[in-house]
Number of protein chains: 2
Amino acid sequence: MGAIQMLQNDAMREHIISRFDEMSPQLQQAARYLLEHPREVALVSMRELSRNAGVQPSTMTRLAKFLGLSGYEDIRAHHAEAIRFRTDGFAARAMQHTSEGEQDVAGAQLSRRMLQGLAAQIAQLSEPASLDRLSAAAEQLAHARKIFVLGLRSCHSVAWQFHYVMTLLGDKTIHLDGPADTVGDGLIRAGAEDVLLVISINPYALHSLELAQLAREKGLGIVAITDSEVSPLVGIADQAILCSTESQSFFHTLTPALAISEVLCGLLANKDRTAALEALQRADRHLLSLNTYASAIPRRRI
Amino acid sequence: MGAIQMLQNDAMREHIISRFDEMSPQLQQAARYLLEHPREVALVSMRELSRNAGVQPSTMTRLAKFLGLSGYEDIRAHHAEAIRFRTDGFAARAMQHTSEGEQDVAGAQLSRRMLQGLAAQIAQLSEPASLDRLSAAAEQLAHARKIFVLGLRSCHSVAWQFHYVMTLLGDKTIHLDGPADTVGDGLIRAGAEDVLLVISINPYALHSLELAQLAREKGLGIVAITDSEVSPLVGIADQAILCSTESQSFFHTLTPALAISEVLCGLLANKDRTAALEALQRADRHLLSLNTYASAIPRRRI
DNA sequence: TATCATATAAAACAATCGTTGCATCGATCT
DNA sequence: AGATCGATGCAACGATTGTTTTATATGATA
């Protein structure tokens, strides 16, 4: 499990960061993993660590030498020491904050309340009841010919994420979106073998409901991600997955809904792991050939 | 140097204590050392541990079998897990029980692992270090004349959410997005009083980095939501907020990034609560007059 | 005291560890 | 194009790991 462990007053960490740019790609990949999983370094063997980081074992040794250390053992010893002597940081560090300005403290408290609330809401989704709904929804989506994805206004985030991830796996999804009031056009060729995944929360966008209703009339299966048992979508959906949207701020939160969407993607990919892997590799190659990604700030062209 | 720490309500710990009296002297000596140095168990090899405990290596194995475990590796794994999950408490508890089964059960387990991992990651964002970064970022965004929001590909979700919420508050944000390669056009009228909020995770979209670099050259402030201390964005951003992106599935997760974005929105709205409330009411009235929302499935028109 | 059962130490074992040398690959420069 | 150099994957190495087996020591019982 990934855990960015942000503050340890750590010389080695700084050292790795400062020399990161000079490293070769493989060394960078290893270094990045070290930075983002400092705990694992102390807890697992180098070989296992390198497996998880996606590099060769020797790369870890080479990284150590690159950093001027005698070997990997130095890296591990350092991280183990960091764990041993971490004063129970949380309470201590929270204390030092109380001396700062009022506004800042109020802000930090709001942040913390929001984040811990979100964590709790997502943890709640892992209860058996929602797990069952997730499985059932994934099942229906898996058997669909095409999946039409609809999320308007704030829910566009979730719809986009689902569609984007699924395009990496294939062309099963069609995102119902577009300018000039063409949102629903995708449904023209939709039929009974298809499924509509609709995301909508209170207040429910009228257009989403209309399109969901239309889809129902055309015989599509309907899977909904929504926020309540009494959401209008529950009535017309075959499967409804409920997410809480309450936040300690002015706005509703879509974070739990996004989590649900990501879990659905994970479940769908998991139905055929080898096919998923293959599709992802194909997508990788495609994007690579298009020069879509970079790992450093590029020199600007012209 | 030995210190009893870790107030873990630990099943293995209880077990060792409850059977302590039945143990032979050597087993007791080993067990006592385990109880008093739980951290060391996860950090050093069994042979070194037994050296420090003053017993033979085989005694550790025998202790494990005495406790009904298959071997010493179980003991180490358990203590490593305790260290991994020391921070988050509630996510740790549910993590324990796992029962194997069929495909559906496997799916449910994947779901649960993903959700609990996400919950833990978001809970970690509530540590003081990230709270500081959030406050600082919100501060810079608050003082900006305009906020340009940039998130491409998978990060579009987050960029959209931030922009959408902020449009409810006013017209301070400009979403850098669009078809026909017009993504960057919004920056034409950007200047030194403005700030760019850029969201990008590994693999980093080349275009995002280029635009961020351009913005930097035009004198804009830069706030980044990204995934690593060594992300290329960290170098050019004034503020970088780090989110973990690891998931127990094939794909990266954007849920923590979305949570960060929502917290930023919350902090910004919180700077002037009355103004925020007023703006939201105005937005409500506007959307009401446009008949954007509904609370029941409408009859389809025409 | 002789015998036996158990607890402990010592040694042997395969597996895995971190490391190193070598071959290969791809980029850069004559 | 050919040469050169660093980066990288691979395979083998000795060292060390956790475990198992064997031998020794211990202590109780008859």
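Each chain gets a letter, A, B and so on, in the order the sequences are listed, and its residues count up from 1. In this text, all values refer to a predicted model and were calculated from it rather than measured experimentally.
- Counting 5' to 3', DNA chain D first comes under 4.0 angstrom of a heavy atom of chain B and last does so at the ends given by D/dT17 to D/dT21.
- Residues satisfying the side chain to side chain donor-acceptor pair (under 3.5 Å) test with B/S70, not counting sequence neighbours, are B/D74.
- Under the 3.5 Å distance criterion, the side-chain polar atoms of B/R216 are matched with a main-chain donor or acceptor of B/I236.
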Quick one: what's the B/S/- string for nucleotides 9-20 of chain C, heavy-atom cutoff under 4.0 Å, read 5' to 3'?
BB------BBBB

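- B/Q140 is linked by a side-chain contact (heavy atoms from CB on, under 4.5 Å) to B/V195, B/V223, B/D238, B/Q239, counting only residues two or more places apart in sequence or in another chain.
- Screening residues 10-36 of chain B for ring pair (Phe, Tyr, Trp, His ring centres under 6.0 Å), with sequence neighbours left out, gives B/Y33-B/H37.
- Among residues two or more places apart in sequence or in another chain, the salt bridge (charged side-chain N to carboxylate O under 4.0 Å, His left out) test is passed with B/R62 by none.
- Listed by chain and residue number, A/D272 satisfy the side-chain contact (heavy atoms from CB on, under 4.5 Å) test with A/A275 (two or more places apart in sequence, or in another chain).
- Sorted by first and then second residue, the salt bridge (Lys or Arg N to Asp or Glu O under 4.0 Å) pairs involving residues 16-30 of chain A (not counting sequence neighbours) are A/R19-A/E22.
- When the local axes at the two ends of the helix from C/dT1-D/dA30 to C/dT30-D/dA1 are compared, using 5 base pairs at each end, they differ in direction by 10° after rounding to 10°.
- Every side-chain contact (heavy atoms from CB on, under 4.5 Å) that B/A237 has, sequence neighbours left out, goes to B/I222, B/A224.
- A search for salt bridge (charged side-chain N to carboxylate O under 4.0 Å, His left out) contacts involving B/E73 returns B/R76, not counting sequence neighbours.
- When the side-chain contact (heavy atoms from CB on, under 4.5 Å) test is applied to B/Q29, the partners found at least two apart in sequence or on another chain are B/Q26, B/V55.
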